[in-house]
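Worksheet: the structure to be examined is printed underneath.
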Amino acid sequence: MSPPTIRSPQGNTANQTQGPQYAKVFVQRDYSDGTAVKFMTNFPQGLENKIEKSVFEYTINQLNTYFAEAEKASCKTYCEGCFACFTVYTMFFCADTHYEKCLRKVGKFIVEQNEMVYLPRGLLLTNPAERGLRIIEITLLDQPIVART
Amino acid sequence: MARVTRNWEIFPGRNRFCCDGRLMMAPHAAVFYINVILIIGTSVLFFVFDCPYLSYRVTPVIPIISGVLFLFVIGSLFKTSFTDPGIIPRATADEAAYIEKQVYISIPNNGGAPTTRPPPRTKEVVIKGHSIKLKYCVTCKIFRPPRASHCSLCNNCVENFDHHCPWVGNCVGRRNYRFFYMFIVCLSLLIIIVFIGAVLHLFYLSENRLMVDAISESPTSVIVVIITFFSCWSVIGLAGFHTFLAASNQTTNEDIKGSFASRTGRPNSNPYSQGNICANYCYVLCSPRPPSLLDRRGVVLSLNESKTMNKSQSRDTVISNKGFEPPELPVNQNIKPNTDDIQLHQYGSSSMLQPCSLDRNQHTFTTSMPSIHHSQNNHVHQNHIINGVKFNKSVTSLTNTFNDNGIYETIEPGRLDPDLDLDDGSKTMTGAPPLSASRLQLLQDTTMIESALDLDSLEDTSSVGTGSQVKLVKNKNTL
């Protein structure tokens, strides 16, 4: 994957670099079930010959499961919401919400997957929470982009 | 204590932050202050002048209920105002580039070539059988997720954007809608009870007397009655309206646009609805609330740290928060860098050598002086290796060039005096390409660095030699 050279609206070339830059693959959000966080399980082209399809799909499905759990409105989350309301939201000073707990699980899973699966293959997953839950960013560590002069 | 730069300091939107990034608000909060003064002022008048009489003469229930409601109103108001409404962080440079590429690929005529006229930027997704158009946000460089909208006042895309409410001084979005709803519901109850209380007070005072006498005895009650009477209509109306919206799982934005209104001959329904009124209501007010995606208090990592952390996101990490020297980089023995207090902002790709002040700077750069971001060193390396000039360690240290005003001076690499003996014990320096100009521009815009600087005091830095631009390197902390 070569970086595109399209000029962004500010007129900066998109491939202005600093530090070693690597090619990246982005997994987009899947909105078919509404606004809940869910990612596309389509195997991206950029990952061909890098990782087995089944391994990649396992990761994305697992992430989707975690996010589905985070977004699910259950009795527990209703109680949490009502209790927070009665305490005029002071509860949030001392307790983590259901969603935060789930995101911590996601973070742990990403680290684990990176260590076990992705880094040995020269790939790196970025926690979607660091990208606004919009995308999963997979960096191809063996494909540095050479800055053009 | 090390001075660290946190993410909120380089936040690209127009929001204001307090308490080191813990709280955030929209800009121009004058109306919010009026609102707070109005609520607290009216309530205080009521509690001080009406409540003692009411609890003595009528019932202590009214003061108790209004007191509790008052606490809820203030609590939820502040929670609404100071909470991140669900701002969607802007795309990183890589992601933006990727989206641009996708957009151009999707246009067959263009063949991927950039044109002067940008292509129509929408993307269609199907949500539960409804086709929804996602618009591209030029500012945030993302396709806005469904239900998100860009707030022009705060300059951010907000998830489940409801509206920008000047009265609470913030956008109302996914993360603070429930607080906002709680606020208006409690406020309408409070207004009703305060109005009834004040009217009762006047009513009992005017028993067997003229109304004029009652008013002269308790003029504050009249003020309270007037304020609550005029405000109650809009507040109660708003509470009712939002109850309707919550029950149908819509946002104000969608309601105004009529997104789900059935058009002629084509029935339309809300794809986000949970099915029935109760489920919608519970879902809107009690569904799991995602944490803020901004990581406002996160420390801005320096380039090297981010590399060691293997995040490959050096483009986003502009500022060195903890000064450090890359291991390969020789540290000048004369200098004990104070690694704490400096962030540097450099504009463009010039290096920071000032050959004429080589000697002076060796002396002036003392322990009290801050250290230098290593990227500048790298920077020097880049430019000068290109120019065929080698450096030794002392030259490296000279990148730390301050003039007396505490402003970094920069100079064209080509101006480097060739007579200088630079080869003594030269070592390899790590190379890192220059900081992204766009990120720096953004930094400049968001942190108002220029206002802290006296630009006139800079020496003439017009470009000489190779013709590349000489840019100013500024020290954010006016030393």
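In what follows, chains carry the letters A, B, and so on, assigned in the order in which the sequence lines appear, proteins first and then strands, with residues in each chain numbered from 1.
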Side chain / backbone / both / neither for A:Thr97 at chain B, heavy atoms under 4.5 Å: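 Side chain only.
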Toward chain B, the part of A:Lys76 with a non-hydrogen atom under 4.5 Å: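 Looking at A:Lys76, nothing touches chain B.
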Would you check if [X] and [Y] make a side-chain contact, meaning some heavy-atom pair closer than 4.5 Å?
X	Y	result
A:Tyr66	A:Cys102	no
A:Arg134	B:Glu95	yes
B:Tyr181	B:Tyr281	yes
A:Lys24	B:Tyr98	no

Interatomic distance, A:Gln113 atom CD to A:Thr59 atom OG1 [nearest 0.5 angstrom]: 4.0 Å
Option that, when pairs with chain A are counted at under 4.5 Å, heavy atom only, ranks first among B:Pro89, B:Gly75, B:Ala148, B:Ala279: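 The residue among B:Pro89, B:Gly75, B:Ala148, B:Ala279 with the greatest pair count is B:Pro89.
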Heavy-atom pair count under 4.5 Å with chain A, highest-scoring of B:Ser292, B:Pro290, B:Ala96, B:Ser287: B:Pro290
Which bit of [X] is near chain A, if near means a heavy-atom gap under 4.5 Å: side chain, backbone, both or neither?
X	value
B:Val125	side chain
B:Leu294	neither
B:Leu285	neither
B:Pro271	neither
B:Tyr283	both
B:Glu159	neither
B:Lys128	both
B:Phe143	neither

Side-chain donor or acceptor of A:Thr77 paired with backbone N/O of A:Ala73 under 3.5 Å: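 The answer is no, because no donor-acceptor pair under 3.5 Å joins these two groups.
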Side-chain donor/acceptor of B:Asn280 to backbone N/O of B:Ser273, under 3.5 Å: no
Among the listed options A:Ala129, A:Cys85, A:Gly34, the residue most often paired with chain B at heavy-atom distances under 4.5 Å: A:Cys85
Aromatic plane relationship, B:Phe183 with B:Phe180 - under 30° parallel, 30 to 60° tilted, over 60° perpendicular: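 B:Phe180 and B:Phe183: tilted rings.
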Residues A:Lys101, A:Glu69; criterion salt bridge (Lys or Arg N to Asp or Glu O under 4.0 Å); working and verdict: CA-CA 10 Å; A:Lys101 284 175 199 157; A:Glu69 189 196 335; over 6 Å; no
